[in-house]
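A quick write-up on the structure given underneath.
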Amino acid sequence: EGRIHFINEYALRFFGYDADEITGRSVVGTIVPENESTGRDLAVMMEDICARPDRYATNENENIKKDGTRVWVSWSNRALIDQTGAVKEIICVGNDITRLKKAEEAAHESEERYRALCNSSINMIYMHDLNGNFIDANESGLKLVGYTLDEFKTLSFRDILSPEQEQVALERTARVAASGEPDKAVEFRLRTKSGEDKYIEVNASLLRRDGKPCGILGIARDITLSRTAETAMRESEEKFSTAFRKSPLLTAINTIEENRFIDVNDRFLEVTGFQREEVIGKTVAELNRISKCRQKKI
């Protein structure tokens, strides 16, 4: 229903609320305005996110602080599914892209303002032609890849991307040039001058000269740290899963509300004689009744 169940400390400070002021309230009317300054109906968008979260793995929209300040946030959304397969909650992780949006708008006004704003951005802002040859980059971008501006202007996709990634970048460039539509939240792995791998999330827009497509304006966010954290978390989950499955002790994971089994390890199945599909979703009492029929007791 679009109500906020949890909001972290950073978000509270960012939006200007105390936890008891916002927890339990709808996102629309608190941190999401009913209508965006672009004219988009955000109340309708939020209803759609709740109904079809898989369509909004990433999205960006205008948000609003408690004092009325409008800000832009890039959101990553993930649905939490209950045991019946229904969406229970949606986890939303946001990044403030207000400065990025302002940089994008100003870039169209004048080259001088574009350069000043680009160099103040923490994100990589760059341009390349339709063949993947780089034309320009801001200071943050040059710092990320480790090249000087003169060096960067001699490079193309193949110098910083693997052959597979180069092909993806060329295909997406052609798609933007043909459609005129921006390409949003595309992830690439690039090689820096020192040979280090960096992960970036790119938003690409078409540049025109005399009305004709001539290149791409890209805005890339460095997501290396988050990718590293995801990898570490995945490895930890795999280690936990292995330890859980192979533990010599009978081990189970149960729900808090009804104490129903979510998962059990191999030792549990060996001792009780049940199959995993027989256990999942049942309570201990239900298993005991089944066990009595088989002349066994947990």
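Below, each value reflects all heavy atoms present in this structure, side chains not excepted, and no hydrogens, waters or symmetry copies. Along the sequence shown, residues are numbered consecutively beginning with 1.
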Checklist entry - From Ile49 CD1 over to Cys92 SG, what is the distance, rounded to the nearest 0.5 angstrom? => result 7.0 Å
Checklist entry - For the residue pair Ala177 and Pro213, what are the closest heavy atoms and their distance? => result O-CG, 3.9 Å
Checklist entry - Do Phe261 and Phe268 make the cut of ring centroids closer than 6.0 angstrom? => result yes
Next on the checklist: side chain to side chain contact (heavy atoms under 4.5 Å, CB included) for Val145 and Leu190? Distances and angles first, verdict last.
Outcome noted: CA-CA 8 Å; Val145 296; Leu190 60 82; 4.2 Å; yes
Checklist outcome for this item: side-chain hydrogen bond (donor to acceptor under 3.5 Å, both in side chains) pairs touching residues 32-45, sequence neighbours excluded, are Glu36-Thr38, Glu36-Arg40, Ser37-Glu62
Next on the checklist: Does Lys184 have more than 12 heavy atoms from other residues, nucleotides or ligands lying within 6.0 Å of its NZ?
Outcome noted: no
Checklist entry - Side chains of Pro33 and Arg70: does their closest heavy-atom pair fall under 4.5 Å? => result yes
Next on the checklist: Please tell me whether Leu12 and Phe6 are part of a single hydrophobic cluster in this structure, the criterion being side-chain heavy atoms less than 4.5 Å apart.
Outcome noted: no
Item to check | Donor-acceptor pair, side chain of Ser194 and main chain of Thr192, under 3.5 angstrom | outcome: no
Next on the checklist: Side-chain heavy atoms under 4.5 Å apart, restricted to Ile/Leu/Val/Met/Phe/Trp/Tyr: what other residues fall into the cluster of Leu80, or is it alone?
Outcome noted: Ile91, Val93
Checklist entry - Is Leu100 reachable from Trp75 through a run of hydrophobic residues whose side-chain heavy atoms are each under 4.5 Å from the next? => result no
Next on the checklist: I'd like to check Ile81 versus Val87 (side-chain heavy atoms, cut-off strictly below 4.5 Å). Are they in contact?
Outcome noted: yes
Next on the checklist: Does any part of the side chain of His128, heavy atoms only, come nearer than 4.5 Å to the side chain of Thr173, both counted from C-beta?
Outcome noted: yes
Checklist entry - Would you say the side chain of Arg221 lies within less than 4.5 Å of the side chain of Met124, judging by non-hydrogen atoms? => result no
Next on the checklist: Between the side chains of Arg191 and Asp159, is the shortest nitrogen-to-carboxylate-oxygen separation below 4.0 Å, so that they form an ion pair?
Outcome noted: no
Next on the checklist: Under the criterion salt bridge (charged side-chain N to carboxylate O under 4.0 Å, His left out), I'd like the reasoning laid out for Arg175 against Glu181: C-alpha separation, chi angles, the key distance, then a yes or no.
Outcome noted: CA-CA 8 Å; Arg175 190 180 308 166; Glu181 295 296 322; over 6 Å; no
Checklist entry - side-chain contact (heavy atoms from CB on, under 4.5 Å) with Leu217: which of Val176, Leu207, Ile135? => result Leu207
Next on the checklist: The criterion is side chain to side chain contact (heavy atoms under 4.5 Å, CB included); which residues satisfy it with Thr98, sequence neighbours excluded?
Outcome noted: Val71, Trp72, Asp96, Lys102
Item to check | Worked check of side chain to side chain contact (heavy atoms under 4.5 Å, CB included) between Val279 and Leu287 | outcome: CA-CA 7 Å; Val279 176; Leu287 288 186; 3.9 Å; yes
Checklist entry - Between atom CZ of Arg158 and atom CD of Glu166, what is the distance when rounded to the nearest 0.5 Å? => result 5.0 Å
Checklist entry - Looking at Val73 and Gly94, what are the two nearest heavy atoms and their distance? => result CG1-CA, 3.7 Å
Checklist entry - Is Val32 reachable from Ile90 through a run of I, L, V, M, F, W or Y residues, each pair having side-chain heavy atoms under 4.5 Å apart? => result yes
Checklist entry - Should we say atom CD1 of Ile122 is surrounded by more than 12 heavy atoms from elsewhere, each under 6.0 Å from it? => result no
Item to check | Side chain proximity check, Thr58 to Asn77, heavy atoms < 4.5 angstrom | outcome: no
Checklist outcome for this item: Taken in chain and number order and not counting sequence neighbours, the residues that satisfy side chain to side chain contact (heavy atoms under 4.5 Å, CB included) with Val186 are Arg172, Asp183, Phe188
Checklist entry - Are Val27 and Met46 side-chain neighbours, meaning at least one heavy-atom pair lies under 4.5 Å? => result yes
Item to check | Ile280 with Ile290, same ILVMFWY side-chain cluster at under 4.5 Å | outcome: no
Next on the checklist: Using the rule given for side chain to side chain contact (heavy atoms under 4.5 Å, CB included), can you reason through Arg99 versus Ser120, listing the C-alpha separation, both sets of side-chain angles and the distance that settles it, and then say yes or no?
Outcome noted: CA-CA 9 Å; Arg99 291 176 62 188; Ser120 70; 4.0 Å; yes
Checklist entry - Would a 4.5 Å heavy-atom cut-off, applied to side chains only, mark Gln165 and Ser162 as touching? => result yes
Checklist outcome for this item: Interatomic distance, SG@Cys214 vs CZ@Arg208, rounded to 0.5 Å, equals 9.5 Å
Checklist entry - Think Lys65 forms a cation-pi with Phe14, using NZ or CZ under 6.0 Å from the six-ring centre and within 45 degrees of its axis? => result yes
Checklist entry - Taking all atoms of both residues into account, what is the closest heavy-atom pair of Leu161 and Ala169, and its distance? => result CD1-CB, 3.9 Å
Next on the checklist: Measuring from atom CG of Asp222 to atom OG of Ser140, what distance do you get when rounded to the nearest 0.5 angstrom?
Outcome noted: 10.5 Å
Checklist entry - Given Ile4 and Thr30, is the side chain to side chain contact (heavy atoms under 4.5 Å, CB included) satisfied, shown in steps? => result CA-CA 10 Å; Ile4 297 170; Thr30 52; 4.1 Å; yes
Item to check | Residue pairs involving residues 72-92 (criterion salt bridge (charged side-chain N to carboxylate O under 4.0 Å, His left out); sequence neighbours excluded) | outcome: none
Checklist entry - Looking only at atom types and distance, does a side-chain atom of Asp67 sit under 3.5 Å from a main-chain N or O of Thr69, one as donor and one as acceptor? => result yes
Checklist entry - Under the 3.5 angstrom rule, does the side chain of Thr255 hit a backbone N or O of Arg260 as a donor-acceptor pair? => result yes
Next on the checklist: Tell me whether Lys143 at atom NZ has more than 12 heavy atoms from other residues, nucleotides or ligands lying less than 6.0 Å away.
Outcome noted: no
Checklist entry - CG/Asn259 to CD1/Ile262 distance, rounded to the nearest 0.5 angstrom? => result 9.5 Å
Checklist entry - Are Val202 and Tyr199 connected in a single hydrophobic cluster, I mean Ile/Leu/Val/Met/Phe/Trp/Tyr linked by side-chain heavy atoms less than 4.5 Å apart? => result no
Checklist entry - Does Thr283 offer a backbone N or O that forms a donor-acceptor pair with the side chain of Glu286 under 3.5 Å? => result yes
Checklist entry - Atom CD1 of Ile22 and atom CZ of Phe15: how far apart are they, to the nearest 0.5 Å? => result 7.5 Å
Item to check | Pairs meeting criterion salt bridge (charged side-chain N to carboxylate O under 4.0 Å, His left out) with involvement of residues 4-29, two or more places apart | outcome: Glu21-Lys66
Item to check | Lys/Arg N to Asp/Glu carboxylate O, Lys198 vs Glu196, below 4.0 Å | outcome: yes
Checklist entry - Do Lys193 and Glu151 meet the salt-bridge criterion of a basic N to acidic O distance under 4.0 Å? => result yes
Next on the checklist: Between Arg276 (side chain only) and Val264 (backbone N and O only), is there a donor and an acceptor less than 3.5 Å apart?
Outcome noted: yes
Next on the checklist: Are Leu206 and Pro182 packed together at the side-chain level, in the sense that at least one heavy-atom pair is separated by less than 4.5 angstrom?
Outcome noted: no
